[in-house]
Colleague: 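Provided herewith is a single structure, encoded as structure tokens, for subsequent inquiry.
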Protein chains: 2
Amino acid sequence: MSGADHEKIAEVLRDEIRAQVWKVGERLPSEPELISRFGASRSEVRQAIATLRDSGLAQLRHGIGALVAPPRVVHRLEARERLSRDRRDRNEAAFLGEAVAQGFAATSSVRVWFEPAQEFAGTFGIEEIDEVCVRDRIMFADDHPVMLAVSRLPRQLTAHTALERQDTGPGGVHARLAELGHPVTEHQEVVTAAMPEEHERRALGLSGGPLLLVRRTSWSGDRVVELNDMKLPGHSGELRYRWGAE
Amino acid sequence: MSGADHEKIAEVLRDEIRAQVWKVGERLPSEPELISRFGASRSEVRQAIATLRDSGLAQLRHGIGALVAPPRVVHRLEARERLSRDRRDRNEAAFLGEAVAQGFAATSSVRVWFEPAQEFAGTFGIEEIDEVCVRDRIMFADDHPVMLAVSRLPRQLTAHTALERQDTGPGGVHARLAELGHPVTEHQEVVTAAMPEEHERRALGLSGGPLLLVRRTSWSGDRVVELNDMKLPGHSGELRYRWGAE
DNA sequence: GAGTGGTCTAGACCACTGA
DNA sequence: CAGTGGTCTAGACCACTCC
């Protein structure tokens, strides 16, 4: 069987949060309060709260308390929408348009560097020592980091172009690729989930819970022109794919 | 800052697992051994191991030990592939074909029941008290449970048809729907990640780590004919979507 | 400073596994 | 049975936040 005490405590608190005993953003009872209420030890109470945190119901703030987490603010990413030429032309790259459409103030910060292709060489059909252009981005919605994205392109394509600048200009990476004669013709996204590592937790300001990992491969004809590894919080992120039945 | 002791311990062990100090399936050192090796308390050692478990590197077996987890056995689910008419006709429903294609012995068990539509009424365009047919499935690959799927269809469509039997026959649910004059014309999948609840952990034989949650909505014309909620382990499952750029 | 959560320790007892 | 992990307790000290 299972049914440890900390799970029962978590269950009670979960029900109370759902019943709105405390409003969003309000503090749950402190650890000492919960200890005396449930007659449990501190570790049990803490584990119960950790469960709530991992399931996205609570946020922990050191020195303040455990707060009722806001409901899933969904940073939807709709596959076709977010990459359509249409949106791209009139607006912005990938994610940003989606966030803006939902009323967030979307910003991003970018670091760009170059490194040997190494394990990505095969994918791009280049040598391991050939360089790739790495674009490491953090996306913010209303100042909250909501996505990490590391994009790699073969430097053969990017050398001396806007693709190696921080700001790739209107329409982003894909618009520039198209201008350079490498329009993206096909995308694939592979989605998995994982627990964040320490640096990811920090970068995304997560207190707990899983990550959604997306690896997008973009082809121009037979050639892979971009590999984009995206990470977003499983609790607030949502990926949406739509297609016609064949 | 962060950098708690248990994280350093986890890091060391993670590196050693990756360096194959122990082979897949072998036991990590026991808790007492790790305690003396790292000079840490039991809780620190246990938390380090829990981290490894959550990141999919170790499996815990009560009374036995912590085993090095097998590498990601990917139960790929390719969106278009797995729902194409082609595969459906010559073979099997959804997931099964995919598992078989990878050399797993795929089986599934099904429970079927009926209940008021309730919160699903709006989606199906029926009344809350109208019944839906619920098909609750567990998919196995080589006897390991790898996916939970709860599918709902308005009973108006399923009454007195094979859709209410455990075995819906060749081609599965979608083939029957097509025969009944409701061919699925469009799919949407919404993907999120979450930590498993107790019953999900048990049903999937998980010791830890996140879940991938997929809600698939299938339309026949303007009408939603099926809602399918799927849950699969984030460590072994992988969703794959591919589409042409527009 | 008082109150909060974050980390850590030492020790207890229970439940499961395998010889 | 001995050895393993699972749960729980009581208490310590630290780090952060707010007044």
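The analysis underlying the following values was restricted to heavy atoms, covering all of them including side chains, and did not include hydrogens, waters or symmetry mates. Residue numbers begin at 1 in each chain, while the letters A, B, ... track the order of the sequences.
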Colleague: Rounded to whole Å, how long is the line connecting atom CZ of A:Phe38 with atom P of D:dC8?
Modeller: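 Going from A:Phe38 (CZ) to D:dC8 (P), I get 13 Å.
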
Colleague: Salt-bridged, B:Arg42 to B:Glu31, with N to O below 4.0 Å?
Modeller: yes

Colleague: When you measure from the side chain of A:Pro32, which nucleotide among C:dC8, C:dT4, D:dT9 comes out closest?
Modeller: C:dT4

Colleague: For A:Asp136 and A:Arg111, indicate whether the former's side chain and the latter's backbone hold a donor-acceptor pair under 3.5 Å.
Modeller: no

Colleague: Determine yes or no for a side-chain-to-main-chain donor-acceptor pair under 3.5 angstrom, with B:Gln47 supplying the side chain and B:Glu44 the backbone.
Modeller: no

Colleague: Measure the distance from CD on B:Glu31 to P on C:dC16 and round it to the nearest whole Å.
Modeller: 16 Å

Colleague: Looking across every strand, which nucleic acid part, if any, lies under 4.0 Å from A:Arg46 by heavy atom: base, sugar-phosphate, or nothing?
Modeller: base

Colleague: Can you list, pair by pair, the side-chain donor-acceptor contacts under 3.5 Å of residues 13-25 of chain B, counting residues two or more places apart and other chains?
Modeller:
unit_1	atom_1	unit_2	atom_2	d
B:Glu16	OE1	B:Arg37	NH1	3.2
B:Glu16	OE2	B:Arg37	NH2	2.6

Colleague: Nearest-Å distance, CG (A:Leu34) to C1' (C:dG5)?
Modeller: 12 Å

Colleague: Check whether any side-chain N or O of A:Arg53 sits under 3.5 Å from a backbone N or O of A:Ala48 as a donor-acceptor pair, and report yes or no.
Modeller: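 Judged by distance alone, no pair lies under 3.5 Å.
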
Colleague: Check whether the side chains of B:Thr51 and B:Glu7 place a donor and an acceptor atom closer than 3.5 Å, and report yes or no.
Modeller: no

Colleague: I'd like a list of close polar pairs between nucleotides 12-14 of chain D and the protein, N/O only, cut-off under 3.5 Å.
Modeller:
unit_1	atom_1	unit_2	atom_2	d
D:dA12	N6	A:Arg42	NH1	2.9

Colleague: Output yes when a side-chain donor or acceptor of B:His235 lies under 3.5 Å from a complementary backbone atom of B:Asp54, and no otherwise.
Modeller: yes

Colleague: C:dG5 C1' sits how many Å from A:Ile35 CD1, rounded?
Modeller: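 It is 11 Å, rounded to the nearest whole Å.
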
Colleague: Let me know the distance between CD1 of B:Ile64 and P of C:dT17, rounded to the nearest Å.
Modeller: 7 Å

Colleague: Using the test side-chain hydrogen bond (donor to acceptor under 3.5 Å, both in side chains), find all partners of A:Arg152 that sit at least two apart in sequence or belong to another chain.
Modeller: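 If we apply the side-chain hydrogen bond (donor to acceptor under 3.5 Å, both in side chains) test to A:Arg152, skipping adjacent residues, the hits are A:Glu115.
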
Colleague: When the distance from CZ of B:Arg61 to C1' of C:dG18 is rounded to whole Å, what number comes out?
Modeller: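 Answer to the nearest Å: 14 Å.
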
Colleague: State which residues pass salt bridge (charged side-chain N to carboxylate O under 4.0 Å, His left out) with A:Arg27; sequence neighbours excluded, sorted by chain then number.
Modeller: none

Colleague: D:dC18, C:dG5, C:dC8: which one has an atom nearest the side-chain heavy atoms of B:Glu44?
Modeller: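 Within the option list, the nearest is C:dC8.
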
Colleague: So, does B:Ser30 get its side chain near the phosphate of D:dT4, meaning an N or O under 4.0 Å from OP1 or OP2?
Modeller: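 So the side chain of B:Ser30 is within the cut-off, an N or O lying under 4.0 Å from OP1 or OP2 of D:dT4.
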
Colleague: Does B:His6 put a side-chain nitrogen or oxygen below 4.0 Å from OP1 or OP2 of C:dC8?
Modeller: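 B:His6 to C:dC8 OP1/OP2: side-chain N or O found under 4.0 Å.
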
Colleague: Which residues in residues 47-60 of chain A have at least one heavy atom lying under 4.0 Å from any atom of DNA chain C?
Modeller: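 When residues 47-60 of chain A is checked for heavy atoms under 4.0 Å from DNA chain C, the hits, listed by number, are A:Leu60.
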
Colleague: Charged N to carboxylate O under 4.0 angstrom, A:Lys231 versus A:Glu200?
Modeller: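 So A:Lys231 pairs with A:Glu200 through a salt bridge.
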
Colleague: Quick check on contacts: within residues 11-29 of chain B, what sits under 4.0 Å from DNA chain C by heavy-atom distance?
Modeller: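 Going residue by residue through residues 11-29 of chain B, none turns out to have a heavy atom under 4.0 Å of DNA chain C.
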
Colleague: Are side-chain heavy atoms of A:Phe38 and A:Val12 found at a separation under 4.5 Å?
Modeller: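 Contact flag for A:Phe38/A:Val12 side chains = yes.
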
